[in-house]
Amino acid sequence: MASADEEDGAVEALQRLLSRMLRETGGYGGGIYVLRPESQVLSAVVLAGVPSSLAMPWARVGVSASGPLAQAVREDRLIWVGAEGELARRYPRLGLALPYSFALAAAPVAGAGRTWGGVLVLWPGSQSMEIEPARRKAVERTCGHIAAALRRAEENGHPVLPATEPRLMPVPRGRRVTQSQAFSAVDYTERLPEGCCALDLDGRVTFVNSTGAKLVGSDVIALTGARPWELLPWLDDPVFEDRYRSAVMSRRPTSFTVRRPDGLWLSLELYPDARGISVRISPSRLGGGEAAPSAADAVGSTSDEAVAAAPSVLRQTGTAPERTAPRADVLYRMAHLAAALTEALSVPDVIKLVVDQIAPSFGAHAVALLATHAGRLRLRGHSGYGPQEAEHLGGVPLAPDNPSGRVVITGEPAFFPSRRELEQAFPNAVGDDGNHAWAFLPLVAAGRPIGCCVMAYDRPRPFAHDERAMLTAFGGLVAQALDRAHLYDTKSGLARSLQASLLPQTLPSLTNLQATARYLPATRGMDIGGDFYDLIRLDDTTAAAVIGDVQGHSVPAAALMGQVRTAVRAQALAGASPSDVLAGANRLLTDLNPGLFASCLYVQLDLARGRACLATAGHPPPLLRDPGRRARTVAVSPGLLLGIEPLSDYRSAEVTVEPGSVLALFTDGLVERPGIDIGVAIDELARSLAAGAHDLEVLADQLMQGALPSGDRTDDTALLLLRSMP
């Protein structure tokens, strides 16, 4: 086990690498994420140049998520998002939560045959459509150094592991400042006729001059260390906080005007850099163009009536009153959570997203999802709990004598800021699991309780009003997502059963022919489609192979696929030629007039003569690998799709199939990819076929994995491999 000093040393090495990458690329911020072999979650270990309030929702990113970092890791390439509006267009969820002007690059950290994690780099404002070559090289070079550092740390026995929260790296000052210079700077600001204030990246006041404090109706001591919109009720508006967030992310100066309780309008100008924001505060003109009072007059007016209006209470108590409006970070975080949950289709997807990514972004040390079943709460997923603690959580009765049962029965959330408060309410609720604060959130969908989400914290937590509201809303979003996912799973299960019943369960065995098939449904949609394949034994030395694709992804498409496959099989067994088989299937579709079309490739194999006769109805031609491992496309005249013209003719072609040759039939889901010409993709598939394994089963897996490396399929995919034997 590594010591804390060893782990800190490894993280400090990552900090230095991140700092160097930012210097070399001109980026203002970014982060390094690690990916553990047993996990599918990228966890931030070092972040720089971004506020923690903005960084925490993105501290854990699922590899299957839709963001640029996940895509970079999945596809093992650098992803660049530079132009204005490109982020929202390509990644709507990220654009919704961060609607600001900034550019980013995401790149995988890989080496020694393993993906170690990824990096993010941020730049201010809109950039070019393509990343500059020098920046690309700097990012990729640093990724190599990071991979080496992570590998060394693991080999030395102290791997870099995800922490509860990432380490936020301070940005060094551009110059050294002596104590004398610091005092002189304070004196300078005190002599100015206007207010000035400095905020750190998290929006907390690090410095304010006396004039600035008086202009906002407070004092230096009360403001220092506070966020202005949390301390001053009249600044607690999402618009104002959003301007601060915009300045931080875009690194562009911005300004706004605000009205004090006494009617005086103030102008606030924000000037950001890598360490924080400088704010200039001055009296402004009123909406009707009336001249504003001078700074001196404004300061004088705040000493009595304006200061007494409300802010004086803040100075005496040091606490802000209860909020009446949501803050910007709450609004954006809830938008992010809602968008993330809508992307999770199945119940396991929702559970994994909640326990692995979303809940930890709230700072929870452990999380558990419980579902109602037969009068008890069953554990469906958890993170951060050991086996014994997890077993204790699950199986509790749906009764008011335990916190989980009570929140499900009442539908009201329960928050326990300390262990003492939980033990007072429920003496036997939890064991000594090392946690010291809890949030029990009811999961209610369509007015029906379906479970409970338990979030545990490893230190006492006060649960402020905003946090309670956000956690309660989070529970509602999780319940809706689980209810929707359960419905999807039910429909998807029926669809998969229908799909399986329409495809061959096994392929027939022929003496001189080896065959194997693969079928994968699309990962988006209803999980059912119209791709089909079949292998038909005609006699001892003759077989027919067919593959096709009915338009659409629906139950009607799958049902029509079954009809086409049956029609083809019937005519093949009747001894029809390939041309006649397709012509007959075409007449069937036009007679049925389902409003759907189908492509189809039919191959008749004469194993005794080593010949194949084939015809196609708008389907991609097959590939043939000869015994010398040369692969090529088989030329065949394409006919019209089935179901368009009832009297269409289909021409057949013959090709020699030597013993040991492999014939590959496939649907377009294997070769169609956005931005890539299908001819180029088929050529790539032919090269993969030529270089693939001799074993047919291994070869089929290689072709599927090579063409669909990310596992993200927008279309159904079918593959049928046939090898003629001596």
Side-chain angles (χ1 to χ4, degrees), residues 507-508 510-517 532-549 568-569 571-573 575-586 599-642 648-668 670-671 678-679 681-692 694 696 699-700 703 718-726:
L507 297 177
L510 285 91
T511 305
N512 300 105
L513 185 69
Q514 286 184 344
T516 189
F532 64 96
Y533 63 88
D534 204 353
L535 181 62
I536 307 162
R537 185 182 185 278
L538 302 179
D539 58 38
D540 290 341
T541 60
T542 310
V546 61
I547 195 164
D549 183 359
V568 169
R569 171 175 279 268
Q571 294 190 64
L573 291 172
S577 68
S579 298
D580 291 340
V581 168
L582 292 185
N586 179 58
S599 69
C600 186
L601 172 66
Y602 181 87
V603 181
Q604 186 171 298
L605 292 163
D606 187 340
L607 301 173
R609 295 175 55 234
R611 303 288 292 175
C613 183
L614 59 158
T616 177
H619 197 84
L623 298 175
L624 179 64
R625 185 177 84 177
D626 62 28
R629 286 184 171 269
R630 294 180 298 272
R632 62 182 177 88
T633 301
V634 177
V636 57
S637 178
L640 280 177
L641 292 169
L642 303 179
S648 292
D649 290 329
Y650 298 93
R651 297 181 182 179
S652 61
E654 280 202 3
V655 62
T656 300
V657 181
E658 301 177 57
S661 298
V662 176
L663 193 64
L665 287 67
F666 54 91
T667 58
D668 55 11
L670 194 64
V671 289
I678 190 168
I682 291 176
D683 290 342
E684 291 179 0
L685 183 64
R687 287 191 290 272
S688 299
L689 177 63
H694 174 77
L696 215 58
L699 177 60
L703 295 180
L719 173 68
L720 179 61
L721 296 182
L722 308 169
R723 173 185 282 130
S724 63
M725 303 298 292

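The residues of the chain are indexed from 1 along the displayed sequence. Here the structure is a predicted model, which means the values were calculated and not measured.
Once rounded to the nearest 0.5 Å, the distance linking CG of Leu640 with CG of Leu582 reads 11.5 Å. Between Asp606 atom CG and Asn512 atom CG the span is 10.5 Å, to the nearest 0.5 Å. Expressed to the nearest 0.5 Å, how far CG of Leu665 lies from CG of Leu535 amounts to 10.0 Å. Separating the CE atom in Met725 from the CG atom in Leu607 is a distance of 11.0 Å, to the nearest 0.5 Å. Annotation: the span from Ile536 atom CD1 to Leu507 atom CG amounts to 11.0 Å, rounded to 0.5 Å. The CD1 atom of Ile547 sits 7.0 Å away from atom CG of Leu719, with the distance rounded to the nearest 0.5 Å.
Sorted by first then second residue, the salt bridge (charged side-chain N to carboxylate O under 4.0 Å, His left out) pairs that include residues 612-622, not counting sequence neighbours, number zero.
Residues that satisfy the salt bridge (charged side-chain N to carboxylate O under 4.0 Å, His left out) test with Arg569, not counting sequence neighbours, are Asp534. Remark: Arg630 pairs with Asp626 by the salt bridge (charged side-chain N to carboxylate O under 4.0 Å, His left out) rule, at least two apart or across chains. Contacts of Arg611 classified as side-chain hydrogen bond (donor to acceptor under 3.5 Å, both in side chains), with partners at least two apart in sequence or in another chain: Glu654, Thr656. Remark: Arg687 pairs with no residue by the salt bridge (charged side-chain N to carboxylate O under 4.0 Å, His left out) rule, at least two apart or across chains. Scanning for salt bridge (charged side-chain N to carboxylate O under 4.0 Å, His left out) contacts around Asp580 gives an empty result, with sequence neighbours left out.
Judged purely by atom type and a 3.5 angstrom limit, Thr616 has no side-chain atom pairing as donor or acceptor with the backbone of Leu601. Panel note: side chain Ser661, backbone Glu658; a donor-acceptor pair is recorded below 3.5 Å. Between the side chain of His619 and the backbone N or O of Phe666, at least one donor-acceptor pair lies under 3.5 Å. Remark: the backbone N or O of Cys613 is not paired with any side-chain donor or acceptor of Ser652 at under 3.5 angstrom. A donor-acceptor contact shorter than 3.5 Å is absent between the side chain of Arg625 and the backbone of Ala664.
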Point to revise | Intermediate values then yes/no, side-chain contact (heavy atoms from CB on, under 4.5 Å), Phe532 and Val546 | key: CA-CA 8 Å; Phe532 64 96; Val546 61; 4.1 Å; yes
Exercise for review: Run the numbers on Asp540 and Thr511 for side-chain contact (heavy atoms from CB on, under 4.5 Å), then give the verdict.
Suggested key: CA-CA 8 Å; Asp540 290 341; Thr511 305; over 6 Å; no
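Listed here is the closest heavy atom pair of Pro627 and Pro659: CG-O, 3.3 Å. A pairwise comparison of heavy atoms in Leu642 and Ala617 identifies CD2-CB, 3.7 Å as the closest pair. Residue Ile682 comes nearest to Thr633 through the heavy atom pair CG2-OG1, 3.9 Å, listed as atom of the first residue, atom of the second, then distance. Arg723 and Gly660 make their closest contact through NE-O, 4.0 Å (heavy atoms, listed as atom of the first residue, atom of the second, distance). Residues Ala615 and Ser579 share a closest heavy-atom pair of CB-N, 4.3 Å. Scanning all heavy atoms of the two residues, the minimum distance from Tyr602 to Ala544 falls at OH-CB, 3.2 Å.
Within 6.0 Å of CZ in Arg629 there are more than 12 heavy atoms belonging to other residues, nucleotides or ligands.
When each of Leu722, Val634, Leu689 is tested with Leu624 by the rule side-chain contact (heavy atoms from CB on, under 4.5 Å), just one qualifies, namely Val634.
At least one side-chain heavy atom of Pro622 sits less than 4.5 Å from a side-chain heavy atom of Leu614. Within the 4.5 Å cutoff, the side chain of Leu573 has heavy atoms near those of the Leu538 side chain.
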